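The structure presented is a predicted model; accordingly, all values stated were derived computationally and were not measured. Position 1 is the first residue of the sequence; numbering continues from there. Numbering of ligands and ligand atoms starts at 1, following listing order.
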Amino acid sequence: MKPWAGRFEKDTAGPVEEFTASIAFDTRLYQEDIAGSIAHARALAACGAISSEEGDALAVGLREVQRDIEAGAATFSTSDEDVHTAVERLLAEKVGDLAKKLHTGRSRNDQVALDTRLYVRREAGHLAGLIDDLRGALVDVAEANADVIMPGYTHMQHAQPVLLAHHLLAHFEMLTRDAERLADAARRANVSPLGSGALAGTAYAVDREAVARELGCCGITRNSIDAVSDRDFVMEILASIAITMVHLSRLAEEIVLWASQEFGFVELDDAFATGSSMMPQKKNPDVAELVRGKVGRVVGDLVAVLTVMKGLPLAYNRDMQEDKESLFDAVDTVASCLQVMAPMVRTMKVNAKAMREAAGKGFTTATDVADYLVRKGIPFREAHAAVGRLVLKCVQEGKGFGDLTLDEWKAIAPGVSQDVLNVVSVEASLEARAVPGGTAPARVREAIAAARAMLGRRSGG
Ligand code: ARG
């Protein structure tokens with residue numbers, strides 16, 4: 001029997017029941033739904049809407065329902081419509097007619113808003129933990145390869161040498177902000193809408209603050225219409241997840257490139273690569289490719305919810321039920337990506353020799369030569385042009401900086417002497433970049449230690 005059957009003369013048509021039901025996907029909110037219902041039952045008892053014995057019996061029955069669901073002993077059907085009605089039906093099987101009092105002063109509109117908020121809070125914490133695992137993997141690889149030098153790129157062209165650790169810590173920084181964004185989204189989601197009723201506020205004198213405290217929320221929503229209309233907490237976590245996915249895909253793309261024959265910078269562990277059904281020699285970075293590919297669906301999830309919400313009049317509209325599959329899909333997808341990325345990164349073998357060789361190619365210390373000329377009193381623009389001409393000459397003659405004679409060096413500008421050879425090395429170029437945030441080995445060692453300390457603080461609570 002539908003909770004709203006009184007007004008109706010006919011049963012819902014079968015296809016309509018199927019079409020409108022969310023039970024196929026919203027049962028994952030059962031914990032939140034039951035926690036909210038227990039808090040609501042207590043609040044009803046506290047304000048005298050039901051007796052305290054009834055409040056206690058409802059709470060006991062709801063806990064039994066939770067145990068049954070967790071033991072797989074509860075069954076759901078399409079006629080339940082959604083998780084809220086299903087829990088109430090299962091409760092009636094435990095406490096009989098008393099279950100009919102639970103929905104006093106409550107609507108599924110404030111109920112679903114609460115459940116979804118609590119779910120966002122829970123998953124934001126879970127995802128931040130998974131992000132931390134990947135951050136930890138990046139720091140581990142950075143530390144184990146602290147002196148490995150690679151070419152830094154701009155426009156995918158060799159630019160300046162950097163430490164591999166410095167490059168990996170760039171990804172660490174992005175993921176740090178991702179975790180912060182999730183925490184921020186969770187903080188804003190963590191307020192209780194219970195007591196807002198269908199839209200106008202409940203007519204029972206429930207202590208909304210006490211309900212919020214019981215649920216671990218940091219406050220209550222201030223406006224009952226907003227409370228049942230707002231889904232920006234869903235859009236916010238989806239946006240945070242989408243940004244995280246974009247970051248994961250950039251890391252994944254680099255792993256794909258680095259594992260290629262052209263780069264040969266890393267070799268993936270066999271457990272994190274796949275083969276070809278036809279070509280026996282292949283070892284493919286499918287995991288990284290899938291991570292890169294899954295961004296598509298997560299960005300789609302965000303866009304789906306933004307589009308559902310756009311133009312909806314206040315207050316609750318059934319359109320909003322469409323928020324859940326997108327939310328759940330994005331959470332599941334980013335979680336699975338993080339779970340495979342962390343061990344894949346941690347186990348990949350770094351080819352220090354290939355990276356070091358590449359770092360010296362492509363005149364990556366040309367800026368250092370220009371800086372040397374600046375120290376000899378030549379304005380930077382002129383220095384830049386002089387070194388540019390030298391590079392052109394080298395390209396035309398098929399030479400690298402290392403092949404030039406001292407006379408050829410001296411020819412580029414007045415004042416050049418033997419000591420120019422001290423600045424053209426890749427190692428000297430790194431050492432020179434000792435500003436905070438730069439790639440000088442001492443700075444990067446500090447950055448690794450700081451990253452470790454940051455992770456320690458987080459896992460230490
Ligand atoms: N399944 C619904 C949702 O996800 C719950 C709220 C239904 N409320 C209503 N008045 N029909 O949004």
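Side-chain polar atoms of Arg63 and Gln66 form no donor-acceptor pair below 3.5 angstrom. Side chains of Tyr119 and Gln31: no donor on one and acceptor on the other come within 3.5 Å. Using modelled atom types, one finds no donor on one side chain facing an acceptor on the other under 3.5 Å when comparing Ser192 with Arg208.
To the nearest 0.5 angstrom, Leu268 atom CG is 6.0 Å from Met344 atom CE.
Atom numbering of ligand 1 starts at 1 in the shown order; those under 4.0 Å from a heavy atom of Arg318 are 11 (N). For ligand 1, the atoms closer than 4.0 angstrom to any heavy atom of Tyr316 are 2 (C), 3 (C), 5 (C), 6 (C), 7 (C), 8 (N), 9 (C), 10 (N), 12 (O). Listed by number with element, the atoms of ligand 1 under 4.0 angstrom from any heavy atom of Lys324 are 3 (C), 4 (O), 12 (O). Using a 4.0 Å cut-off to heavy atoms of His84, the atoms of ligand 1 that qualify are 5 (C). Atom numbering of ligand 1 starts at 1 in the shown order; those under 4.0 Å from a heavy atom of Gln321 are 1 (N), 2 (C), 3 (C), 4 (O), 12 (O).
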TODO: Please lay out, stage by stage, how Asp232 and Arg188 fare under the test salt bridge (Lys or Arg N to Asp or Glu O under 4.0 Å).
DONE: CA-CA 10 Å; Asp232 39 90; Arg188 240 186 312 281; over 6 Å; no

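What sits closest to atom 8 (N) of ligand 1 on the protein, heavy atoms only, is Asn109 OD1, 3.1 Å.
Between Cys47 and Tyr204, the closest heavy-atom pair is SG-CB, 4.5 Å.
In terms of polar-atom proximity, defined here as any N/O pair under 3.5 Å, Arg231 makes no such contact with ligand 1.
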